[in-house]
Engineer: 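What follows is a single structure, and I will ask about it in a moment.
Atoms within each ligand, like the ligands themselves, are counted from 1 in listed order.
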Amino acid sequence: MDWLTDLIWYDGKFFGIEWSVWKVVGWAGNVAFFTRFFIQWYATEKLKRVVIPVAFWWLSLVGSLLLLCYSLRKQDSVFIFAYLFTWIPYIRNLVIHYRHNKACIQCYSCGTSCPPRSNFCFECGASLSQAEDTMSE
Ligand SMILES: [Zn+2]
């Protein structure tokens, strides 16, 4: 098992990496970026259809910003360009996601959150326009 302990910790290096604050920033970005694939895959396998959970966009945003910071520190133009603009679609997807959630209608019968402008609850079939009708009377 010496080979294993040598792999983890050898010559003052953890996993063969000479650690610094910037290495932690870069690796934290890598971990966030890499984890998002598993979260997306898990959500897709669970529902048996392709879905992108909101955590995917948060991890993408955090990961790409950390990697952008790291690449700016390294002053590597290829690396900087790879993460310079990716935050734009990530933030836009998050904005659209939360706007959509806010516009969802909650069913008064079963509590299910239904898509905006729904007339009936997709879960129990109750009319969703009742609440608005009683409020306007
Ligand atoms: Zn319902």
Engineer: Only pairs under 3.5 Å count here: list side-chain donor-acceptor contacts from residues 73-80, not counting sequence neighbours, and write none if there are none.
Structural biologist:
{"residue": "D76", "atom": "OD1", "partner": "V78", "partner atom": "N", "Å": "3.1"}
{"residue": "D76", "atom": "OD1", "partner": "F79", "partner atom": "N", "Å": "3.3"}

Engineer: Check for me: within less than 2.8 Å of the Zn ion (ligand 1), which protein N/O/S atoms show up?
Structural biologist: C107 SG, C110 SG, C121 SG, C124 SG

Engineer: Suppose the criterion is side chain to side chain donor-acceptor pair (under 3.5 Å): which pairs have a residue in residues 83-97, not counting sequence neighbours?
Structural biologist: H97-N101

Engineer: Who are the ring-ring contact (aromatic ring centres under 6.0 Å, His included) partners of F34, not counting sequence neighbours?
Structural biologist: F38

Engineer: Using 0.5 Å steps for rounding, measure from the SG atom of C121 to the OH atom of Y108.
Structural biologist: 12.5 Å

Engineer: Students often mix this up, so state it plainly: with edges at 30° and 60°, are the rings of F14 and W19 parallel, tilted or perpendicular?
Structural biologist: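 Ring orientation, 0 to 90° scale: tilted.
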
Engineer: Kindly give the heavy-atom pair with the smallest separation between P116 and H100, and that separation in Å.
Structural biologist: CD-CE1, 3.3 Å

